[in-house]
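Let me begin by presenting the structure, written as structure tokens, before commenting on it.
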Number of protein chains: 4
Amino acid sequence: MLPTSINFKEQMTETRRTQILLGAAQVFAEKGFHKATTKKIAKAAGISEGTIYNYFDNKRELLVAMIEFISMQSLKNILGGELPQDPHELFTLILRDRQQLIQGYGYLLAPVVAEIFADTELREELYQKVVIPISSHLEKYIQTQIDVGQFRQLDPVIATRTIMGAMLLNFALKLTNLDSRYGYFSDDTIVEQLVMIFLKGMMK
Amino acid sequence: MLPTSINFKEQMTETRRTQILLGAAQVFAEKGFHKATTKKIAKAAGISEGTIYNYFDNKRELLVAMIEFISMQSLKNILGGELPQDPHELFTLILRDRQQLIQGYGYLLAPVVAEIFADTELREELYQKVVIPISSHLEKYIQTQIDVGQFRQLDPVIATRTIMGAMLLNFALKLTNLDSRYGYFSDDTIVEQLVMIFLKGMMK
Amino acid sequence: MLPTSINFKEQMTETRRTQILLGAAQVFAEKGFHKATTKKIAKAAGISEGTIYNYFDNKRELLVAMIEFISMQSLKNILGGELPQDPHELFTLILRDRQQLIQGYGYLLAPVVAEIFADTELREELYQKVVIPISSHLEKYIQTQIDVGQFRQLDPVIATRTIMGAMLLNFALKLTNLDSRYGYFSDDTIVEQLVMIFLKGMMK
Amino acid sequence: MLPTSINFKEQMTETRRTQILLGAAQVFAEKGFHKATTKKIAKAAGISEGTIYNYFDNKRELLVAMIEFISMQSLKNILGGELPQDPHELFTLILRDRQQLIQGYGYLLAPVVAEIFADTELREELYQKVVIPISSHLEKYIQTQIDVGQFRQLDPVIATRTIMGAMLLNFALKLTNLDSRYGYFSDDTIVEQLVMIFLKGMMK
DNA sequence: CATGAATGAGAATTCATTCAT
DNA sequence: CATGAATGAATTCTCATTCAT
């Protein structure tokens, strides 16, 4: 077979995977994991039920793949290019990026996040596949800043989760209108407040 | 019938309810709501499936009753006496308290939290009834500290959620062993790290 | 034990049986056999579920007993006294009596009759216990009339069922308003028409 | 896709529906609606339980579809050619026809009739759609005979139901062996007896 | 005898997954 | 590879019946 043919095939496969993933995202967002039937996912993706199983082992793998797909989506931009070394710039960049992700896909992920909490195995799989890859960059950065004496002596693992937890809750509240007061905070305000707290909280 | 007889009956009913609730809590904690079958709950409670339905209308009501039951248990911790004014002491106290709560009941509530997220109405009800009352104390304290010039100009609402989000994620990770590295952090270490970051992050 | 005591006991038993039967009738009428739960029957009868089983072997026996009870109700009056020998008078008397029975209890029996059709065993039990005892009187009368030369040579069994079938359908239609035209027929009209047809149809 | 392929698919679907319908008819006839489990129906149809739900929304829809199916089959007998004018011939013809219908499908319809009685809406719908169209022919005939002075002054509506009720009960008893004595009556005997009674009962 | 809590066998229905076409 | 009909395990909830009090 010719290389082009292989590429074509691979590309087709990738396209089809993405097509299914987007269909799944739509239905998962509407129904949550358990109430999302493969039949509906197939319909939303414009393919047949059986085809799903040519690309994913089972429904659970589909969920994992979907979350991976979405989580990595915008982070590519960041990980691709050069990261700023200035802590203020970097924190702002990361928080903005995550904030946009949640703004853009949060409504998709929210109902699914629910199910994840309830499922031990799923939780572990996603922590390994999604959370760790993303957070390790931040951990390393914090460690570096500690080493060069910019940041105080703190644990990079805890510090990273501290930022992530704070970020998640604030962005979630902004997204869901659960707390009416978040209606008055602009996205930038929230990012600024968080950056301020964590910068001062971590720098010497 | 004699009053004692009536009391006995009522007591039996209450005992049986609690028995079922504890069985349910056990299975819900292990499996989450969906994977917790009535069969398993019955077995865990040491009664038959049918008996569940003599005390609860359906599986969902059982979940709600369980949340109520747990909430009653934990609310005691909150309604304490005088709060210290020193920020370091206060933050440490609050974080320790929350940490104990999560340590004590988190494994029970985690899978329940899941179902709550998936249910808009329940989510709102519980945010109003549980989250806001608890967090308002912290909000007021932060506002006071800002007013007296101890804390920098920051939004108390966002700041409070920042602490809560950070706290939740870190304690959850400590609780679940999702991240093996949290095995090496003592509870005190986590609390100290959080207090340090937020204190420095908020004080002038 | 004294006879009076025995009588008292028997009477109590009979009273309790009737009490349950009436409760059952009420619920069967409302819900039909399958949807009538023993719990509801017990409540309607003002006793507990368990007590039902002290007087009836099971729910089915309760149904059978109820139908027997109601069917025999008004027929007692007829079977008790002297029956008129004149065919016109007798037919009118019987039809009026059955008509009153259906008018009075039909709404009770209707939903139950439905279930009977569907259940082979029940059907047989009730045919033996209810239909045969009632119809045998009419059969004998017809046979007598044939013997004395008043009626033509016809089969008394078939003739009896012919009257019963005609009666049932007409009275049922009058009762249920299934056919709006039956609203214009008085009870007497229907009885007269039936008597006329069958009298002329059977007499020489 | 080719037209033949489409036809093949449609045909398969129809065949499968019929297959399920026949299985259902068999079990409904044997057990009645309530005691007919989907498991038994599936077995009788030679398919799995789940497949039933690919063709029918629920058990009730399956019942309705079965009634429709049977009705279609039997309606053919009715839409015949010219009816004889002679009362004796006509009555004999009609009774024979109905008798054959009941003989052929009665065992199937009997348990279904049961459920119909229990359901007010279904009852009305079927009385209008099935009973009235069939009986109106007989009503008109009787009216005509009255007008030409052949029959006595009687109400055609009541008279028609009188024949129908008598017919139904007698044929049902012949069909079901509920009354052992009906084993000795040939179909013709019953028809003759009925014709005799009604002819004499209605003619001047 | 009366009670009513406990029982547990079922029953309808759903849906992820398979596999022949 | 795509399809979608068939599968059947699994699940919640009901309710007649029992039996200790």
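Please read all numbers here as calculations on a predicted model, not as lab measurements. Quick note on labels: first sequence line is chain A, next is B, and so on, each numbered from 1. Note: hydrogens, waters and symmetry copies are ignored here, and every other heavy atom, side chains too, is used.
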Which atoms of nucleotides 7-11 of chain E (N or O only) lie under 3.5 Å from a protein N or O atom, and what are those distances?
{"from": "E:dT7", "atom 1": "OP2", "to": "B:Ser48", "atom 2": "N", "distance (Å)": "3.0"}
{"from": "E:dT7", "atom 1": "OP2", "to": "B:Ser48", "atom 2": "OG", "distance (Å)": "3.2"}
{"from": "E:dT7", "atom 1": "OP2", "to": "B:Thr51", "atom 2": "OG1", "distance (Å)": "2.7"}
{"from": "E:dT7", "atom 1": "O5'", "to": "B:Ser48", "atom 2": "OG", "distance (Å)": "3.3"}
{"from": "E:dG8", "atom 1": "N7", "to": "B:Gly50", "atom 2": "N", "distance (Å)": "3.3"}

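The outermost nucleotides of DNA chain F lying under 4.0 Å from heavy atoms of chain B, listed 5' to 3', are F:dT11 to F:dT14.
Checked against salt bridge (Lys or Arg N to Asp or Glu O under 4.0 Å), D:Lys35 has the following partners two or more places apart in sequence or in another chain: C:Asp119. Under the rule for a salt bridge (Lys or Arg N to Asp or Glu O under 4.0 Å), D:Lys43 has no partner lying at least two apart in sequence or in another chain.
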* To do: Could you provide the dot-bracket string of DNA chain E, using ( ) for intrastrand pairs, [ ] for crossing pairs and | for bases paired to another strand, with Watson-Crick or G-U pairs below 3.5 Å?
  => .||||||||||||||||||||
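The nearest whole Å value for the distance from the CD1 atom in A:Ile20 to the P atom in E:dA16 is 15 Å. Between the P atom of E:dA16 and the OH atom of A:Tyr53 lies a distance of 6 Å, rounded to the nearest Å.
The distance from atom OH of B:Tyr53 to atom CD of B:Glu61, rounded to the nearest 0.5 Å, is 11.5 Å. Note that CD1 of B:Ile20 is 6.5 Å distant from OG1 of B:Thr51, once rounded to the nearest 0.5 Å. Summarising the geometry, atom CG belonging to A:Asn54 is positioned 8.0 Å from atom OG belonging to A:Ser48; distances are rounded to the nearest 0.5 Å. Note that CG of C:Leu21 is 10.5 Å distant from CD1 of C:Ile67, once rounded to the nearest 0.5 Å. To the nearest 0.5 Å, atoms CZ (A:Phe33) and CZ (A:Arg60) are separated by 6.5 Å. Interatomic distance, D:Leu62 CG to D:Tyr55 OH, rounded to the nearest 0.5 Å: 13.0 Å.
A heavy-atom distance below 4.5 Å is found between the side chains of A:Val64 and A:Leu126.
Applying the side chain to side chain donor-acceptor pair (under 3.5 Å) rule to pairs touching residues 19-33 of chain A yields A:Arg16-A:Gln19, sequence neighbours excluded.
Backbone-only contact: D:Tyr55 has heavy atoms under 4.0 Å from sugar-phosphate atoms and none from a base.
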